[in-house]
Amino acid sequence: MSDAGGSTGPQRQSGDAGQPTEEELRAYLAQLRQADANDIVSQVFSMVASAAEVKLGRRDGRLLIDVAAAVA
(Lines give C-alpha, C1' and ligand atoms only; values in the text may rest on other atoms or scores of the structure.)
Protein backbone atom coordinates (compact mmCIF):
# COMPACT_ATOMS: atom_id res chain seq x y z
CA MET A 1 0.00 0.00 0.00
CA SER A 2 2.50 2.59 -1.05
CA ASP A 3 1.99 5.50 -3.36
CA ALA A 4 4.29 6.89 -6.03
CA GLY A 5 6.08 9.04 -3.46
CA GLY A 6 6.88 6.07 -1.26
CA SER A 7 4.95 7.53 1.67
CA THR A 8 2.91 5.19 3.85
CA GLY A 9 1.34 7.76 6.14
CA PRO A 10 1.46 11.28 7.44
CA GLN A 11 5.00 12.61 7.55
CA ARG A 12 6.19 14.20 10.81
CA GLN A 13 9.20 16.38 11.34
CA SER A 14 11.93 14.61 13.29
CA GLY A 15 11.58 16.88 16.32
CA ASP A 16 7.75 16.87 16.34
CA ALA A 17 6.49 14.20 18.77
CA GLY A 18 2.90 15.54 18.97
CA GLN A 19 -0.26 14.15 17.46
CA PRO A 20 -0.85 14.52 13.70
CA THR A 21 -2.84 17.54 12.63
CA GLU A 22 -6.37 17.20 11.29
CA GLU A 23 -5.06 18.00 7.82
CA GLU A 24 -2.46 15.21 8.05
CA LEU A 25 -5.11 12.73 9.22
CA ARG A 26 -7.40 13.68 6.34
CA ALA A 27 -4.56 13.19 3.85
CA TYR A 28 -3.73 9.79 5.34
CA LEU A 29 -7.39 8.70 5.22
CA ALA A 30 -7.55 9.77 1.58
CA GLN A 31 -4.55 7.51 0.86
CA LEU A 32 -6.21 4.60 2.66
CA ARG A 33 -9.44 5.07 0.71
CA GLN A 34 -7.51 4.79 -2.56
CA ALA A 35 -5.68 1.62 -1.50
CA ASP A 36 -6.68 -1.78 -2.86
CA ALA A 37 -8.49 -3.80 -0.18
CA ASN A 38 -6.72 -7.01 -1.27
CA ASP A 39 -3.34 -5.39 -0.69
CA ILE A 40 -4.35 -4.23 2.78
CA VAL A 41 -5.64 -7.69 3.79
CA SER A 42 -2.48 -9.27 2.38
CA GLN A 43 -0.26 -6.91 4.37
CA VAL A 44 -2.25 -7.48 7.57
CA PHE A 45 -1.98 -11.25 7.15
CA SER A 46 1.75 -11.01 6.50
CA MET A 47 2.37 -8.86 9.59
CA VAL A 48 0.24 -11.06 11.85
CA ALA A 49 1.85 -14.25 10.51
CA SER A 50 5.32 -12.78 11.08
CA ALA A 51 4.40 -11.79 14.63
CA ALA A 52 2.98 -15.28 15.26
CA GLU A 53 6.24 -16.81 14.03
CA VAL A 54 8.21 -14.70 16.50
CA LYS A 55 5.86 -15.65 19.35
CA LEU A 56 5.68 -19.36 18.40
CA GLY A 57 5.64 -21.49 21.53
CA ARG A 58 4.29 -18.69 23.72
CA ARG A 59 0.69 -18.27 24.81
CA ASP A 60 0.18 -15.07 22.80
CA GLY A 61 1.47 -16.84 19.66
CA ARG A 62 -1.74 -18.89 19.54
CA LEU A 63 -3.84 -15.73 19.53
CA LEU A 64 -1.86 -14.34 16.59
CA ILE A 65 -2.28 -17.63 14.68
CA ASP A 66 -6.03 -17.45 15.29
CA VAL A 67 -6.10 -13.84 14.07
CA ALA A 68 -4.19 -14.82 10.91
CA ALA A 69 -6.73 -17.61 10.29
CA ALA A 70 -9.59 -15.16 10.71
CA VAL A 71 -8.01 -12.70 8.26
CA ALA A 72 -7.40 -15.40 5.62
### Query
For Val41, what residues pass the side chain to side chain contact (heavy atoms under 4.5 Å, CB included) criterion, not counting sequence neighbours?
Val71
### Query
Quick check: does any side chain N or O of Ser50 sit under 3.5 Å from a backbone N or O of Ser46, one acting as donor and the other as acceptor?
yes
### Task
Verify the cluster assignment for Met47 and Phe45: are they in a single hydrophobic cluster under the rule of side-chain heavy atoms below 4.5 Å apart?
no
### Query
Partners of Gln34 by side chain to side chain donor-acceptor pair (under 3.5 Å), sequence neighbours excluded?
none
### Task
Any pair with a residue in residues 63-72 that passes side-chain hydrogen bond (donor to acceptor under 3.5 Å, both in side chains), sequence neighbours left out, goes on the list, sorted by first then second residue, please.
Arg62-Asp66
### Taking every non-hydrogen atom, the tightest pair across Gly61 and Ala52
O-CB, 4.2 Å
### Query
Is there any salt bridge (Lys or Arg N to Asp or Glu O under 4.0 Å) pair reaching into residues 46-55, and which pairs are they, with sequence neighbours excluded?
Lys55-Asp60
### Task
For Ala68 and Val48, work out which heavy atoms get closest and say how close.
N-CG1, 3.7 Å
#### Entry: Residues that Leu29 engages under side chain to side chain contact (heavy atoms under 4.5 Å, CB included), provided they are two or more places apart
Leu32, Arg33
### Query
How is the hydrophobic cluster of Leu56 composed, in terms of its other members, when Ile, Leu, Val, Met, Phe, Trp and Tyr link through side-chain heavy atoms under 4.5 Å apart, directly or indirectly?
Ile65
